[in-house]
There are 2 protein chains.
Amino acid sequence: MNKRSGIESKKRIIDAALRLFSEYGYSKASMRMIANAAGISIGGLYLHFKNKDELYLTLMKSKMDDFAGRTMDSVKDIADPAEAINAFMTVTLDYAKKHKGLILLQGRELGFTFGLEMKRKFFKKQRGIIEDIIRCGIRTGIFRKVNVRETAKIIFSVIRGFVLSIVVEPNALFSPEECGSLILNGLLKRDGK
Amino acid sequence: MNKRSGIESKKRIIDAALRLFSEYGYSKASMRMIANAAGISIGGLYLHFKNKDELYLTLMKSKMDDFAGRTMDSVKDIADPAEAINAFMTVTLDYAKKHKGLILLQGRELGFTFGLEMKRKFFKKQRGIIEDIIRCGIRTGIFRKVNVRETAKIIFSVIRGFVLSIVVEPNALFSPEECGSLILNGLLKRDGK
DNA sequence: AGTTCACATGAACAAACGTTCAGGTATAGA
DNA sequence: TCTATACCTGAACGTTTGTTCATGTGAACT
C-alpha cells in the first residue's frame, strides 16, 4: 500500500484524525491510532504534520473556516431581521447536527490553551453576525430596543447550548423553528392575543 | 507529614483532584500530580480510591448532587412562574460562575463514556424543574401555550450555553436578568407598546 | 509491652505515549 | 539504465502513564 499521491494521504490523515479526535478526544486519540485509521505508517504521518499539535490545529482551522463561511452566506441577503434570526439559527443548528465530529472536537478539550485564541475569534465573528441582525431589527422598528450585545450573547448561548446537547443528549434536541419562535415571541402572553 | 485522619486525607485528595482535573482535564491530570497537590504519596492515593475512574466519578457525583439540590431549593416556593424562571436562571448561572472548577470538569471530556449516564440523569432532572414551571405558567394563563418539552429544552440550552461560555469566553458573559427578560418577552415589539 | 490496625510510603512494572531516524521503494526525468 | 525525488516504513528511544506491593509508622486496645 505504498506510493500514494501525497495530498491524498494528507487528506486521509485529516479525515481519520477528525474521526478519532472526535470519538476519543485529543489525549486519548494517539498518533498510532490515527496513522492506522488513515492507512499510513507512524513515520509517514510525521511526514505530513510535524507533530500532534499541528495536526489538531490544522484540522480545527480548516473546519471552522468552512463552518463560518456557510453560516455567513446563509444570512447575508435576507432583508427581514426576524427571518434572518430564524435562518441563522436553523443553518447553524443543522450544520452542527450534520457535523457532529467537528462539534465534538471543538467542544471537547475546552480548556486547551493552544486552540483557545482561534476559537474565541470564531465565536466573536459569529456573534457579530447576530448583532448586525438585531441592530437592523431595532432600526427598522421590528424589534424591541434591547441591549444588542447582551442579546446577541444570549442567542449565541442558545446555539452553543444546542451544540453541547448534541454531544450529551442527542435525542433531547429541540427544533430550530420552535427556538426561533421563542426568541422572537417570548414566553409571556401577548396583550392582544 | 504522616498519620492523618483518613477522612481528612480523602477530602484533601478530592479538593486537589477537582482543581487539577479542572485545570488540565482528565487525561492530563496525572495521579502523581493529584497525589502531590494533596500532600500524599501515590500509593496513599490508591488507598482511598481504587483507581482514577473512581476518583473522577466520586468527584462528579458529589458536586452534581450539591448543584442539583441548590437549584431545586431556590425555586420550590416561588409561586409566580415568570419569577420562578428568572430565579432558576439566576441561581443556576450564579452557581456556575462561582464554581467554574466543577463546570470545567463537567464540560470537558464530553464524550466520556463512563460519566455520561450520570450527567444525563442530572440534566433530565434539571429540565424537569423548568418544565414544571412552564406548565404552571400555562395553566395559570400567564404564559403562551408553547410546547412545554421543547421550550424547556431551549431554556435549558441557554443555561448550558452560558456554562460553556464561562469556559471559553469568561468576559463575554451575559447577565441572567437580561436573559430572563428575553426569554419572557421575546425580541419582537409588543403590539401595545 | 505487645499486638493490631488504619494510614502512609515510594521504588518498581508493564504499557502506552509522541517523536525520530536509518533505511526502503516506486515513479519521473536524464 | 541510472539518478533524483517524493513518499513511505517500523523498530527504537526516552518519557510518562496508571497501578501494585513490600515495607514502614504511629496510635489504640489488650
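Per chain, numbering begins at 1; letters A, B, ... match sequence-line order.
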**OP:** Would you mind reading off the distance between A/E54 atom CD and C/dT19 atom C1', rounded to a whole angstrom?
**Re:** 14 Å
Original post:
Rounded to whole angstroms, how far apart are CZ on A/F49 and C1' on D/dC8?
Top reply: 15 Å
Tell me which donor-acceptor pairs under 3.5 Å the side chains of residues 85-94 of chain A have, and how far apart each pair is, sequence neighbours excluded?
| from | atom 1 | to | atom 2 | distance (Å) |
| --- | --- | --- | --- | --- |
| A/T90 | OG1 | A/N86 | O | 2.7 |
| A/T92 | OG1 | A/F88 | O | 2.6 |

Subject >> Nearest-neighbour nucleotide for the A/S9 side chain, D/dG10, D/dC7, C/dT9 considered >> reply: D/dC7
**OP:** Nearest whole angstrom, please: distance from the P of C/dC17 to the CG of A/L20.
**Re:** 12 Å
Subject >> All ring pair (Phe, Tyr, Trp, His ring centres under 6.0 Å) counterparts of B/F67, not counting sequence neighbours >> reply: B/Y95, B/F122
Original post:
Residues in ring pair (Phe, Tyr, Trp, His ring centres under 6.0 Å) with B/F143, at least two apart?
Top reply: none
Original post:
Tell me: CG of A/N36 to P of C/dA16, nearest whole Å?
Top reply: 14 Å
Subject >> Gap between atoms CD1 and C1', on A/I40 and D/dT9 respectively (whole Å) >> reply: 10 Å
Original post:
What ring pair (Phe, Tyr, Trp, His ring centres under 6.0 Å) pairs are there with at least one residue in residues 158-178 of chain B, not counting sequence neighbours?
Top reply: B/F162-B/F174
Original post:
Between A/H48 and D/dC7, does any side-chain N or O lie under 4.0 Å from OP1 or OP2?
Top reply: no
Could you list all N or O pairs between the protein and nucleotides 16-21 of chain D that sit under 3.5 Å apart?
| from | atom 1 | to | atom 2 | distance (Å) |
| --- | --- | --- | --- | --- |
| D/dG18 | OP1 | B/K52 | NZ | 2.5 |
| D/dG18 | OP2 | B/M31 | N | 3.0 |
| D/dG18 | N7 | B/R32 | NH1 | 2.9 |
| D/dG18 | O6 | B/R32 | NH2 | 2.8 |
| D/dT19 | OP2 | B/Y46 | OH | 2.8 |
| D/dT19 | OP2 | B/K52 | N | 2.9 |
| D/dT19 | O5' | B/Y46 | OH | 3.3 |
| D/dT19 | O4 | B/R32 | NH2 | 3.4 |

Subject >> Heavy-atom side-chain contact between A/L57 and A/F49 under 4.5 Å >> reply: no
Subject >> Residues in salt bridge (Lys or Arg N to Asp or Glu O under 4.0 Å) contact with A/E150, at least two apart in sequence or another chain >> reply: A/K153
Subject >> Nucleotide C/dA6, atom C1' - distance to CD of B/E8 in whole Å >> reply: 15 Å
**OP:** For A/L47 and C/dG24, give me the distance from atom CG to atom C1', rounded to whole Å.
**Re:** 13 Å
